[in-house]
Structure formats: C-alpha cells, structure tokens
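Every heavy atom of this structure was used, including side-chain atoms; hydrogens, water molecules and symmetry mates were not. First the proteins, then the strands, lettered A, B, ... as listed; each starts at 1.
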Amino acid sequence: MAPGERSEEVHLWYTAVYEAIPSGKVTSYGHIARLLGKPERPRQVGVCLKHLPSASTDRSKKSSTFHSGNVPWQRVINSKGGISPRGPSAASHQADALRREGVDIREDAMGQYTVDLAKYGWFPDVLPSEAGLVESSDEEDEEVAAYHT
DNA sequence: GAACTGACTGGGT
DNA sequence: AACCCAGCCAGTT
C-alpha cells in the first residue's frame, strides 16, 4: 500500500466513530463497532474517544473539528452497562454528563458507575446518518451542547 | 523498531 | 457469578 494510506484509513475510522454515536440515550463501544461494520474492534472505538480533544482545548489552527463539545462521548459505555473507570475522576465526570441528560446512574460501594441498559440503552441497527436524525432527541442534544459551552 | 498497553467483547472454565 | 483468554490494532514506551 502507498505511504500515508494507513493513516488515511485511521482518520476515516476516527471520523466515523465520532459521527456514529447515536442521538439520545446510551450505547456501547461494541455497538458502535458493529454499526461501522467492524464488530471485532470495540477497543479501537475506545481509542478514538480517548483521543477526542476536550472542548476547551485551543484548536484555533487546523486540528480536528471533533471535540467533547460537539461529540456526545458520554453516551458510550461498555456492554455490561458500566462506565469504564480509566482515570480517577473521568468516570464520575462521565456520570455527571449523563445525569445531565436525565440518565439515572448507580454507583456501587466500589465506586463503579452503572447504567440500566434495559431502560436507557439504545442500539439502532443502522447509522444515525442513514436512518435520518431522530427529532425527539434534539433538545437533549441542545442540553449537552449547553453543558459543554 | 520491537514490545507493551489498553475508554472492549464474547465465549469458555 | 467470577475469572480467564484470544482477538483486535493504534498509540506509547
């Protein structure tokens, strides 16, 4: 393959992941991967979110058009309904963002956050962009945008 | 530039 | 129910 081809693929993957996060409710890393036709890559979805720039980062020059202010990163959790611990305050931050959207989060004695997937999970079988945007979720998205502003 | 590290998951013990 | 494991592959030592 030609030089640079690989990184181009990677860039497309990152973009696809950010655009695949559904409007409304909560979904999983694995489901995003399946929506993108790569069911074996849930970990790579996690990598994309890990590298999502924060909304406050200075991106006055080129850099990504995607950041925590316009990508609903908080809606992605693991298949068991848990928020990945990763850093010390990261999980609680995500839990706060979800509660802001009306999602009820439970915190156990171990400090692990979990979501009731039966109630809040949302696993569409087609990409949001292919399905047409869900009107009923517009105001939820506005709340998110306001939160990050 | 080889080795190691994960924002994961499903299947097997 | 809890742990283990292989597969995944871009980033980071």
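Of the candidates Ile32(A), Val26(A), Val45(A), Ile21(A) forms a side-chain contact (heavy atoms from CB on, under 4.5 Å) with just one, namely Ile32(A).
Of the two residues contacting DNA chain C, namely Tyr14(A) and Glu40(A), the nearest-nucleotide position lying further toward the 5' end is that of Glu40(A).
Regarding Trp13(A), its CH2 atom lies at a distance of 16 Å from the C1' atom of dG11(C), rounded to whole Å.
The same atom, C1', is picked in dG10(B) and in dA10(C); the two are 22 Å apart, to the nearest Å. Nucleotides dT5(B) and dC5(C) have their P atoms positioned 16 Å apart, rounded to a whole Å.
Comment: Lys25(A) does not engage Glu101(A) in a salt bridge, judged by the lack of any side-chain N to carboxylate O separation of less than 4.0 angstrom.
dT12(C) and dA3(B) make up a base pair, with Watson-Crick or G-U wobble contacts both under 3.5 Å. The nucleotide dC8(B) finds its pairing partner in dG7(C), both defining distances of the Watson-Crick or G-U wobble pair being shorter than 3.5 Å.
In this structure, Tyr14(A) contributes its side chain and Leu52(A) its backbone to no donor-acceptor pair below 3.5 Å. Side chain of Asp104(A) to main chain of Arg99(A): no donor-acceptor pair is present (N/O by atom type, distance under 3.5 Å, no hydrogens or angles).
Relative to the six-membered ring of Trp122(A), Arg75(A) misses at least one condition, a distance below 6.0 Å or an angle of at most 45° to the axis.
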Whether each nucleotide of nucleotides 7-13 of chain B has a protein heavy atom under 4.0 Å at its base (B), only at its sugar-phosphate (S) or at neither (-) is summarised, 5' to 3', as BBSS---
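Relative ring orientation between Phe123(A) and His31(A) is described as perpendicular, the plane-to-plane angle rising above 60° on a 0-90° scale split at 30° and 60°.
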